[in-house]
Amino acid sequence: MNHDKTQEIPTRLRLQVRQIRFEGVGINSYELVDPAGLPLPAFEAGAHIDVHLAQGLVRQYSLSNDPAERHRYVIAVLNDANGRGGSRTLHEQLHVQDFVEVSSPRNNFHLSEHAAKVILIAGGIGVTPLKSMAHHLERTGKPYELYYCAKDRDYAAFSGEFELFSSKDSHRFHFDGGNPAEGLNISELLREPEDGQHVYYCGPAGFMKACAAASTHWPAGTVHAEHFKVAADATGGTDLSAAGEVGGFTIKVTSSGALVEVGAQQSIVDALSAIGVVIETSCQSGLCGSCKTHYLSGDVDHRDCILSDDEHKEYLTACVSRARSGVLVLDL
Ligand code: FES
């Protein structure tokens, strides 16, 4: 259930794997096409799809190819030994010619039409949505710079493809050899925002923190981030054990007046489903916005990485949000 009527419910597509390519150490790209060769639903730069894997696993992957293409979606997946199993399943079980169910594309990471110039900063596999943005910016002729941080060239996905961009002179690769002290000086890069400049970044947790800290003085609305993994030290995320510190809480469903107890190790989504109220979910990690729910009152402990400060005044993500105290009243 979603209060936001403007958010489209994605449709399911059954696609076929046409090509799997080694893109870098631990990284494969997957080219997905319609089995009958039909054009796929259009997507915008920065969009992602849900990939439905075996055993009910659903994972979100950014589309990396040119949004002008309608004949394929290309995702890139890092086999993350410390992940929740989705990337490993994909690497081990998805083969060329297999069929896979995906959602139609959704975009939480929009390129601003008002930007005069764009800075893209990628950390590792976080390059995937930024690559689709680079394709779009190159095609539309908008000035941009791409900074791509990786351990070394062998770990940098798509480095060969970036060589083919006509704007490759505006691409900067930065290899730290695995030593964070040798990392890109992000503070320096973002020190003085120019008029009309927008910055977009995506990468692992430490990189995200560095970009966020370096851009706090940028004008409102000019800094855009996409988290593909909840920060290990974030005050929330998928680890509901953190909720033990605050215990359970109560939610009230406005339409029925029902009061529902949410256990310390339970999400709002799960507590509501026990009384037959179903909230649409996808990532279950506060990353995608599928479960965005309007609330009317309560002291919400937001734990997502997707909603803006303004949205937090009216919405919560039912998969990860908690209450700090009192009763949360949901507009359901
Ligand atoms: S299901 Fe993705 S944010 Fe809640």
Side-chain angles (χ1 to χ4, degrees), residues 1-12 43 46-53 55-63 75 77 80 83-87 89-90 101-110 126 128-129 202 205 208 224-232 234-243 249 251 253 260 262-274 277-295 298 300-323 328 330-332:
M1 201 177 295
N2 200 312
H3 183 84
D4 185 354
K5 307 292 188 219
T6 61
Q7 186 164 327
E8 281 180 33
I9 306 251
T11 50
R12 289 270 193 109
F43 68 97
H48 69 273
I49 53 173
D50 297 341
V51 177
H52 295 259
L53 302 166
Q55 292 104 36
L57 285 179
V58 184
R59 293 290 182 269
Q60 288 72 44
Y61 293 103
S62 296
L63 298 176
I75 59 173
V77 182
D80 182 359
R84 293 177 291 155
S87 63
T89 302
L90 233 132
E101 292 234 332
V102 308
S103 70
S104 52
R106 281 180 294 172
N107 198 0
N108 298 321
F109 196 33
H110 298 272
T128 49
C202 182
M208 297 300 280
H224 314 266
E226 177 146 278
H227 296 253
F228 57 80
K229 195 173 189 181
V230 178
T235 54
T238 52
D239 184 5
L240 291 180
S241 62
F249 56 95
I251 49 179
V253 179
V260 183
V262 183
Q265 298 296 320
Q266 198 178 27
S267 68
I268 294 175
V269 170
D270 290 343
L272 285 172
S273 113
V277 177
V278 176
I279 293 189
E280 183 203 342
T281 60
S282 180
C283 71
Q284 305 214 22
S285 306
L287 300 174
C288 74
S290 301
C291 64
K292 180 176 162 188
T293 302
H294 191 231
Y295 70 94
V300 183
D301 178 6
H302 295 285
R303 297 180 169 206
D304 63 273
C305 298
I306 179 79
L307 303 186
S308 66
D309 289 346
D310 276 349
E311 286 177 302
H312 280 156
K313 293 173 188 160
E314 291 186 65
Y315 297 95
L316 53 76
T317 47
C319 65
V320 291
S321 296
R322 317 290 298 168
L328 286 186
L330 303 185
D331 185 15
L332 295 172

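As the structure lists them, so they are numbered: ligands from 1, and atoms in each ligand from 1. These values consider heavy atoms only, across backbone and side chains, with no hydrogens, waters or symmetry-generated copies. What you see is a predicted model; the values in this text were computed from it and never measured.
Residues Arg59 and Thr89 have side chains that never bring a donor and an acceptor to within less than 3.5 angstrom of each other.
If you number the atoms of ligand 1 from 1 as listed, the ones under 4.0 Å from a heavy atom of Gln284 come out as 1 (S), 2 (Fe). Close approach to Cys319 involves these atoms of ligand 1, each under 4.0 Å from a residue heavy atom: 1 (S), 3 (S), 4 (Fe). Using a 4.0 Å cut-off to heavy atoms of Leu287, the atoms of ligand 1 that qualify are 3 (S). Within the listing of ligand 1, atoms 1 (S) sit less than 4.0 angstrom from a heavy atom of Thr281.
Comparing Cys291, Gly286, Gly289 by heavy-atom distance to atom 4 (Fe) of ligand 1, the nearest is Cys291.
Scanning all heavy atoms of the two residues, the minimum distance from Ile75 to Ser62 falls at CG2-O, 3.6 Å. Here the closest non-hydrogen pair linking Ile268 and Leu330 is CG2-CD1, 3.9 Å.
The aromatic rings of His302 and His312 lie parallel to each other, their planes meeting at an angle below 30°, with 60° marking the opposite boundary.
A salt bridge is defined here as a Lys NZ or Arg NE, NH1 or NH2 lying under 4.0 Å from an Asp or Glu carboxylate O, and Asp50 with Arg106 meets this definition.
Ligand 1 lies nowhere less than 4.0 angstrom from a heavy atom belonging to Asp304.
In this structure, Thr11 contributes its side chain and Ser104 its backbone to no donor-acceptor pair below 3.5 Å.
Look at Cys288 and atom 2 (Fe) of ligand 1: an N/O/S atom of the residue is under 2.8 Å from the metal.
In Ile306, neither the side chain nor the backbone holds a heavy atom less than 4.0 Å from any atom of ligand 1.
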